[in-house]
Protein chains: 2
Amino acid sequence: MERKTYHHGDLKTALVEAGIDILEAEGLKGLSLRSLAARVGVSHTAPKNHFGAMRGLLTALAAEGFRRHAAHMQAGLPPDASDAEKLQAAMHGYVAFVEAHPHLYGLMFSPDLVDQDSPDLIEAGHASYLILEDLARHLDWSRKDEPEAQVRGEIMLWSLVHGYATLRQSGKLPLSPRTGAVLGIAEIAPRFGRRTGD
Amino acid sequence: MERKTYHHGDLKTALVEAGIDILEAEGLKGLSLRSLAARVGVSHTAPKNHFGAMRGLLTALAAEGFRRHAAHMQAGLPPDASDAEKLQAAMHGYVAFVEAHPHLYGLMFSPDLVDQDSPDLIEAGHASYLILEDLARHLDWSRKDEPEAQVRGEIMLWSLVHGYATLRQSGKLPLSPRTGAVLGIAEIAPRFGRRTGD
DNA sequence: AGAGAAATCTTTACACCGGAAACATTCCGG
DNA sequence: CCGGAATGTTTCCGGTGTAAAGATTTCTCT
């Protein structure tokens, strides 16, 4: 990458894009400030002006990861379908995204590498979570003696998808298609809650 | 750490113990071959004889993590209790361990840092999983049209605990005690499956 | 338009890191 | 008891993140 001007023009977004590219191609260990800067055609200290330090860069990458994650789930929702079917599709999209971008998803949940207080990250993460939450809202988790079971149910749903996806990612679950299929868990999930009106 | 003999005597286990200590005190970024070797009182290349490289050391740490994880769950099981109560206790112990040793648990599920083919790691990981599996075996997940629902149920249970624990660890779940309490999810979990004979 | 301030990028230097290679010391089995 | 194997050290190398100081461009204000 050569450039003619002293200033890059849009270095910040270029670094984020190249950073995600490296992350997906080589994983975290392949992502260094120097290799990243070289790819963009800039000195290895240039990123400091935009991200402060490595931690800031990784935080920006994680936030972008949440945005892409949300977009991927959103894009996979069938427009005319029941809530249960939409939830199923969202969970399927969730797991598929993790499987397609394991390093990026891992970074998104690495508090040691990412600044959890970043407003950008918090907003992107919350927006992503809202997709699942909205779909789970239509399930009835309540019991008379547990007024907060609804919220707890949403957390459970998230825990289930996140846990399954990360276990797959870490190679702990052999992907025997009949037992571990993504669809399997997405099919069975809505049975956790009794649908309203059932 | 000073020593009088040229040979350490039991360097391998000393490195594992010190490695876990550093991991828990400072996290992964604080764990370097040099800092570790210095703490044990040995040159920074000495670990190579026992672990080959950094990857081998981290693999040994992860395997030890699985052993401690299993021991922690096992120790927390009430001796005279129903299967449902034991499962509850095991899940509680699972989450508690992750919360007490976040960096160690994170390493245990980091395929980029750990050799997933290590026999030692595989055995330790499997032994740990068996605790949950045995307890979940007494739940009846089966439906007539899904002969493999039992296995799928065990995977779901593991996904749920693992997902909840790691979401907590990553700070994504605010620990509002009434909604996110560890006990809450442990209480609600057995309802996923219909107990045999209910 | 022009001058000073701010933003952006480079160069240089430093401490730390993991790993390879050659060497020193100790242990252990024939 | 001796020679090979195991264990540990020294030295060196390329690579890393970051701090500091200087160069270049753009922005802002008058």
Side-chain angles (χ1 to χ4, degrees), chain A residues 1-23 25-62 103 107 110-115 118, chain B residues 1-23 25-62 103 107 110-115 118:
Chain A
M1 254 310 198
E2 298 292 331
R3 73 180 196 278
K4 300 179 167 63
T5 59
Y6 186 85
H7 283 26
H8 179 282
D10 198 8
L11 182 57
K12 188 165 184 173
T13 67
L15 286 173
V16 170
E17 285 186 21
I20 289 188
D21 285 350
I22 296 180
L23 200 56
E26 312 175 39
L28 245 185
K29 52 177 175 281
L31 179 62
S32 70
L33 282 180
R34 297 174 119 99
S35 68
L36 174 60
R39 169 186 284 236
V40 179
V42 108
S43 83
H44 79 280
T45 54
K48 187 176 191 181
N49 299 312
H50 301 277
F51 300 104
M54 191 66 181
R55 187 178 190 76
L57 170 69
L58 294 179
T59 302
L61 293 181
H103 297 110
L107 177 64
S110 296
D112 287 351
L113 303 176
V114 157
D115 177 16
S118 154
Chain B
M1 255 312 198
E2 297 293 329
R3 72 179 196 277
K4 300 180 168 63
T5 59
Y6 185 86
H7 283 28
H8 180 283
D10 197 7
L11 182 56
K12 189 165 186 175
T13 67
L15 285 173
V16 170
E17 285 186 20
I20 290 188
D21 285 350
I22 295 181
L23 200 56
E26 312 175 37
L28 245 184
K29 52 177 174 280
L31 179 63
S32 69
L33 282 180
R34 298 175 117 97
S35 67
L36 174 59
R39 170 186 282 237
V40 180
V42 109
S43 81
H44 83 279
T45 54
K48 189 176 191 180
N49 297 315
H50 300 276
F51 300 104
M54 191 66 180
R55 187 178 190 76
L57 171 68
L58 294 179
T59 302
L61 293 181
H103 297 111
L107 177 64
S110 296
D112 287 350
L113 303 177
V114 157
D115 177 17
S118 155

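Labels below follow one simple rule: chain letters A, B, ... track the order of the sequence lines, proteins then strands, and each chain is numbered from 1.
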### Query
Can you list the residues that meet the side-chain contact (heavy atoms from CB on, under 4.5 Å) rule with B/A62, with sequence neighbours excluded?
B/L107, B/M108, B/V114, B/L121
### Task
Apply side-chain contact (heavy atoms from CB on, under 4.5 Å) to A/L33 and list each qualifying residue two or more places apart in sequence or on a separate chain.
A/P47, A/M54, A/L57
Rounding to a whole Å, what distance do you find between [X]:[atom1] and [N]:[atom2]?
X: B/L57; N: C/dC17; atom1: CG; atom2: P; answer: 14 Å
X: B/M54; N: C/dG19; atom1: CE; atom2: C1'; answer: 12 Å
X: A/L36; N: C/dC9; atom1: CG; atom2: P; answer: 13 Å
X: A/K29; N: C/dG19; atom1: NZ; atom2: P; answer: 12 Å
X: B/F51; N: C/dG19; atom1: CZ; atom2: P; answer: 13 Å

### Message
Just N and O in the side chain of A/K48: are any of them under 4.0 Å from OP1 or OP2 of D/dA19?
### Response
yes
### Chi angles and distances behind the side-chain contact (heavy atoms from CB on, under 4.5 Å) call for B/L113, B/R55
CA-CA 6 Å; B/L113 303 177; B/R55 187 178 190 76; 5.7 Å; no
### Task
Please list, chain by chain and in numerical order, all residues satisfying side chain to side chain donor-acceptor pair (under 3.5 Å) with B/H103, sequence neighbours excluded.
A/D112
### Task
Not counting sequence neighbours, which residues clear side chain to side chain donor-acceptor pair (under 3.5 Å) with A/S32? List them please.
A/S35
### Query
If you fit an axis to the five pairs at each end of the helix from C/dA1-D/dT30 to C/dG30-D/dC1, how big is the angle between those two axes, to 10 degrees?
20°
### Task
Flag the pair B/L31 / B/L61 as yes when at least one side-chain heavy-atom distance between them is below 4.5 Å, and no otherwise.
yes
#### Entry: Base-contact (B) and sugar-phosphate-only (S) positions in nucleotides 3-15 of chain D, heavy-atom cut-off under 4.0 Å, - elsewhere
----BBBBB----
#### Entry: Shortest non-hydrogen contact from B/T59 toward B/D115
OG1-N, 2.9 Å
## Note on the structure
So side-chain hydrogen bond (donor to acceptor under 3.5 Å, both in side chains) across residues 11-22 of chain A, not counting sequence neighbours, yields A/D10-A/T13
